[in-house]
Trainee: 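Pasting in a structure now, in structure tokens, and then I'll have a few things to ask.
Chain naming here is simple, since letters A, B, ... match the order of the sequence lines and numbering starts at 1 in each.
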There are 2 protein chains.
Amino acid sequence: MTTINDIAKRANVSRTTVSRALNNSGYVSEEARKRIMKIVEETGYMPNQSAKSLRTKRSGVIGVILPRLSTETSTRVVNGINEVLAKEGFQILLTDTELDRKKEIEYIRLLKSRHVDGIILLATNVNDELIQTIRNVDLPFLAIGQDLPEVTSLVYDDYHASADLTNMLIHKGHHKIAFIGVSRDDPSVGIRREQAFRDVMEREGGEINEHWMGTGDFSIDSGYEEMKKILRASGKNRPSAVYAVTDRMAIGAMEYLKEQGYRIPEDMAVVGIGASSLSQYVSPSLTTIDYFNKKAGQQAAELLLAKLKNEKVDQKFELTYRLILRDSV
Amino acid sequence: MTTINDIAKRANVSRTTVSRALNNSGYVSEEARKRIMKIVEETGYMPNQSAKSLRTKRSGVIGVILPRLSTETSTRVVNGINEVLAKEGFQILLTDTELDRKKEIEYIRLLKSRHVDGIILLATNVNDELIQTIRNVDLPFLAIGQDLPEVTSLVYDDYHASADLTNMLIHKGHHKIAFIGVSRDDPSVGIRREQAFRDVMEREGGEINEHWMGTGDFSIDSGYEEMKKILRASGKNRPSAVYAVTDRMAIGAMEYLKEQGYRIPEDMAVVGIGASSLSQYVSPSLTTIDYFNKKAGQQAAELLLAKLKNEKVDQKFELTYRLILRDSV
DNA sequence: CTGAAAGCGCTTACAG
DNA sequence: CTGAAAGCGCTTACAG
């Protein structure tokens, strides 16, 4: 492995000068610069980033913490993050918590020890230890998806998105709407989306029936199972629509409904959230809400870069969304 | 930021001893160890990985080079890689070439300068400069998806998978089969899958018609467009089935066929490759081939770990596949 | 069982 | 415009 010393020797200058030439810092004679660059070219020399990072305290690496590597939402966000970061010469150090809160905290500290310049967390829950850890590592930090106190957070407008979706169903004539949510550990998805649903239902005189309220775990299977439970529990008094808080659960619900011979949307309307590619190609195509995940990733990266440049950034950002009306309603 | 020196001072030992205690290397009295560990706990000390890496020449980071961050195939592979690596305390440094060959090479060198311990490349093409670069960086290296000369490569069995698929169509009575492939720059997908198709068609007396041969670019849209072209070009003599070399293109083709009022599979059978989640939920569900991408990722990671331990590993690995018969045939 | 010293490959005041 | 020297935070022979 060639080092800066090798280049210096071959160019007949000190390594100080080589460093200056490479980083465009301080004066270097045109002559020396040319000699150095030529040798750099020839040897394919690349500075050792560990040494550089040790010295400068900057690594050019951003840590990204994901709840799950294999969901479309995560992938889109990471894609957006990477697009912006790569352009600025940053790389992503990727970690996957597999939805384990312990790991979330562990990885924040690990990333710190790996000298990342900043961290972007796709957050799925909010708890004191997490907040505490974030404060302690004292690194440029950005959360996406949950509103973390005292942390710069990009949040989807879950309340209004959910309210719009519910309103839309009501205005299409549905007053009996089943709901498939998730655990309240996830404030954004588990609490806010449900709260908006309940608020709108109440305001508009919809019927909320606890037999029609299910709790899934984000998976397609859980959507299927919850739909089954709801239908079995509801007896003669059946909902005419089902609102699942994620596309995957909505698609699971559709599977069960189709199996049971329900026509969608005639016998039962279905809506989800997420605008997954599945939602587009499933049959009938699923009405859903697009959260522009990729854009969220881009924005997160841009904000983090701003922080790295010591620019002041606001603490809270609300992301926009878009209702996509399709054939399932 | 607390360093090993801080710990040493507070524990009244030298940093040498702290290092030994932390790494379980060499002798440390039980007493000293306890004192040290207690302080490590209290301070939440984590060793600076840049310093460690500079000194030991190992970073605990594996570079992963993806052609596209946002495809299900990539995601599944990365997921498999990560699962194995995380267990061993390694992290992934992620790069996305956006299908740009220049970047492929650039990133290999970049990852080297970032002191990764090894590299896994999801390869999409084979060319001399690439092979040369891999040889030059001289790092534990693993390719997935293409057979790179002199590089440990995990390849899907594209030839036989494609042959099986073609055979299956023929045995279902299809002798006129349209084919939507991709550029021959990609030997695995662009050449081998097509070659197997042609070989089987020839052997079994199927009709190969150049009007029925399209070339897409992996996207759903391109599947749609190629299907359109094929149908328009074929006039009265129409195929009864279409084989697209990826699920996404197959789904694009299905979209066009459905728009034109074709019944699937009665008027036209459709098959793809990839076992994407889309293939399962699209309607009718798509017959396809599962390449077990996650398992490929796991195996790649395991092989790389073996290399890091200086174990000898074979140079070529062929992965298995599975035909999934669904309603589109 | 323990510590002083050297060194990994860089950058950056400082002096000239 | 250039270089000698210090130092970033670790690990590892080496000596005791």
Trainee: Indicate whether OP1 or OP2 belonging to C:dG9 is found under 4.0 Å from a side-chain N or O atom of B:K57.
Mentor: yes

Trainee: Please determine, for the side chain of B:T56, which listed nucleotide (C:dC10, C:dG3, D:dT11) has the closest atom?
Mentor: D:dT11

Trainee: Strictly distance-based, threshold 3.5 Å: is any side-chain N or O of B:D117 a donor or acceptor partner for the main-chain N or O of B:S59?
Mentor: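 Yes, the answer is positive, given that a donor and an acceptor are paired below the 3.5 Å cut-off.
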
Trainee: Just to confirm, is there a sub-4.0 Å distance from OP1 or OP2 of C:dG3 to any side-chain nitrogen or oxygen of B:T16?
Mentor: no

Trainee: For C:dG9, does either OP1 or OP2 sit under 4.0 Å from a side-chain N or O belonging to A:Y45?
Mentor: no

Trainee: Quick check on contacts: within residues 27-35 of chain A, what sits under 4.0 Å from DNA chain D by heavy-atom distance?
Mentor: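 Correct list: A:Y27, A:V28, A:S29, A:A32.
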
Trainee: Please give the nucleotide sitting opposite D:dA4 as a Watson-Crick or G-U wobble pair, both distances under 3.5 Å, or none.
Mentor: none

Trainee: Ignoring the backbone of B:P47, work out which of C:dG3, D:dC10, C:dC14 is nearest its side chain.
Mentor: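 Per side-chain heavy atoms of B:P47, the pick is D:dC10.
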
Trainee: Does A:N23 put a side-chain nitrogen or oxygen below 4.0 Å from OP1 or OP2 of C:dT11?
Mentor: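 For A:N23, the contact criterion (side-chain N or O under 4.0 Å from OP1 or OP2 of C:dT11) is met.
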
Trainee: Indicate whether OP1 or OP2 belonging to D:dT2 is found under 4.0 Å from a side-chain N or O atom of A:T17.
Mentor: no

Trainee: Filter on side chain to side chain donor-acceptor pair (under 3.5 Å), then keep only pairs touching residues 303-317 of chain B, sequence neighbours left out; what's left?
Mentor: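 Found B:D147-B:K316, B:T152-B:K307, B:S153-B:K316.
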
Trainee: Distance check: side-chain N/O of B:S19 vs OP1/OP2 of D:dT11, anything under 4.0 Å?
Mentor: yes

Trainee: Is the shortest side-chain N/O distance from A:K52 to OP1 or OP2 of C:dT11 below 4.0 Å?
Mentor: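 For C:dT11, OP1 or OP2 has a side-chain N or O of A:K52 closer than 4.0 Å.
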
Trainee: In Watson-Crick or G-U wobble terms, both distances under 3.5 Å, what is the partner of D:dA13?
Mentor: none

